[in-house]
Number of protein chains: 2
Amino acid sequence: MYKNGMTTAATRSLGKTVRLFHALSDETRLRLLEQLRDGEQCVCELTDTFKTGQSRLSFHLRVLKDAGLVTDRPEGRWIYYSLNRDALREVEDLVAWLKDSSSRNMPARRC
Amino acid sequence: MYKNGMTTAATRSLGKTVRLFHALSDETRLRLLEQLRDGEQCVCELTDTFKTGQSRLSFHLRVLKDAGLVTDRPEGRWIYYSLNRDALREVEDLVAWLKDSSSRNMPARRC
DNA sequence: TTTATACATCAATATTCATTGATTGATCAA
DNA sequence: TTGATCAATCAATGAATATTGATGTATAAA
């Protein structure tokens with residue numbers, strides 16, 4: 001049991017973490033996220049900006065969505081995507097957890 | 001020009017960022033990093049812990065090293081790996097930069 | 001010197017991921 | 001209705017990654 005209900009970096013599932021980082025490990029997807037910093041945008045808008053095939057962006061948006069990094073909001077014929085800041089906070093916490101370790105620097109056992 | 005010499009998330013090269021996240025997007029590598037939170041360890045030690053082929057870990061350690069997430073220190077016949085907390089801080093800053101955007105929520109231009 | 005250990009690297013194979021073009025379903029306007 | 005637009009999905013191909021076992025190199029111990 002944990003003191004609070006928080007999902008800690010240590011307890012979060014490895015698989016989900018892998019998916020998060022994998023979604024972030026692509027140039028197109030990073031540029032999409034950067035674009036969405038300004039607020040939600042529809043796919044057509046992104047397609048215009050990126051000057052690339054629609055199916056290609058649709059694919060990458062799906063990877064981001066499956067990882068939980070973006071959310072979509074259908075409205076009529078359009079679908080608006082925006083950042084999911086909660087997911088980004090999870091990533092931030094996770095990296096901080098790796099970084100801010102005690103680093104006991106164990107006595108380097110021989111093999 | 002920037003007020004200080006800091007490499008901001010916005011200015012860092014996309015390619016390097018992709019390599020960082022790619023290095024983090026694998027279960028074995030995440031477990032390696034978690035293991036190294038306790039301090040530096042040699043490959044033989046890690047191979048014992050992970051109960052897997054040595055060449056496999058060697059491959060993954062190289063990916064982590066190329067991304068800058070770990071550093072190695074040869075000593076005699078052993079090579080000790082440890083976390084590079086500066087790189088982790090860069091990742092943390094980058095994610096924070098994505099997360100903490102103004103989100104002006106633009107007037108959602110039509111297509 | 002020989003032999004063993006630690007580790008990297010290579011070659012071959014298997015797996016996973018990205019791109020493209022075509023198709024499909026839904027919404028909306030004429 | 002019909003035709004146009006937005007976006008997801010599919011199938012086919014190509015590119016990048018991961019795994020395994022074998023080999024190579026350096027260090028250290030016998």
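Residue numbers start from 1 in every chain, and the chains themselves are labelled A, B, ... in the order their sequence lines are given, proteins ahead of strands.
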Open item on the list: I want to confirm an ordering. Mapping A:Ser58 and B:Thr52 to their closest nucleotides on DNA chain D, which one lands closer to the 5' end?
Closed with: A:Ser58
Open item on the list: Counting C-beta onward and ignoring hydrogens, is there a side-chain heavy-atom pair between A:Val43 and A:Trp78 closer than 4.5 Å?
Closed with: no
Value in whole Å for how far the [atom2] atom of [N] lies from [atom1] of [X]:
{"X": "B:Leu61", "N": "C:dC7", "atom1": "CG", "atom2": "P", "result": "10 Å"}
{"X": "B:Phe59", "N": "C:dA12", "atom1": "CZ", "atom2": "C1'", "result": "15 Å"}
{"X": "B:His22", "N": "D:dA15", "atom1": "NE2", "atom2": "P", "result": "18 Å"}
{"X": "A:Leu24", "N": "C:dC17", "atom1": "CG", "atom2": "P", "result": "15 Å"}
{"X": "B:His60", "N": "D:dT17", "atom1": "NE2", "atom2": "C1'", "result": "9 Å"}
{"X": "B:Arg56", "N": "D:dT17", "atom1": "CZ", "atom2": "P", "result": "17 Å"}
{"X": "A:Arg73", "N": "D:dA8", "atom1": "CZ", "atom2": "P", "result": "14 Å"}
{"X": "B:Arg62", "N": "D:dT19", "atom1": "CZ", "atom2": "C1'", "result": "17 Å"}

- [ ] Identify whether any heavy atom of A:Ser55 sits under 4.0 Å from a base atom; if not, whether one sits that close to sugar-phosphate; answer base, sugar-phosphate or nothing.
- [x] base
Open item on the list: Under 4.0 Å, counting only non-hydrogen atoms across every strand here, what does A:Gly76 touch: a base, just sugar-phosphate, or nothing?
Closed with: sugar-phosphate
TODO: Kindly check if the number of other-residue, nucleotide or ligand heavy atoms within 6.0 Å of CZ (A:Arg62) is above 12?
DONE: no
Open item on the list: Whether the side chain of B:Gln54 and the base of C:dA6 hold a donor-acceptor pair under 3.5 Å is what I'd like checked.
Closed with: no
Task: Position toward the 5' end of DNA chain C (nearest nucleotide), A:Arg29 or A:Arg77 - done: A:Arg29
Open item on the list: Side chain of B:Trp78 only, heavy atoms from C-beta on: which candidate in C:dA6, D:dA7, D:dT5 is closest?
Closed with: C:dA6
Open item on the list: Let's see if you can work this out: which of C:dA4, D:dA8, C:dC7 has an atom nearest to the side-chain heavy atoms of B:Val43?
Closed with: C:dC7
Open item on the list: So, OP1 or OP2 of D:dC6: does either fall under 4.0 Å of a side-chain N or O from A:Tyr81?
Closed with: no
Open item on the list: Does this structure show an ion pair linking B:Arg19 with B:Asp66, if we count only N-O contacts that are shorter than 4.0 Å?
Closed with: no
Task: N-O pairing of A:Arg29 and A:Glu27 below 4.0 Å - done: no
Open item on the list: Among B:Leu33, B:Val70, B:Leu32, which residue satisfies the side chain to side chain contact (heavy atoms under 4.5 Å, CB included) criterion with B:Tyr81?
Closed with: B:Val70
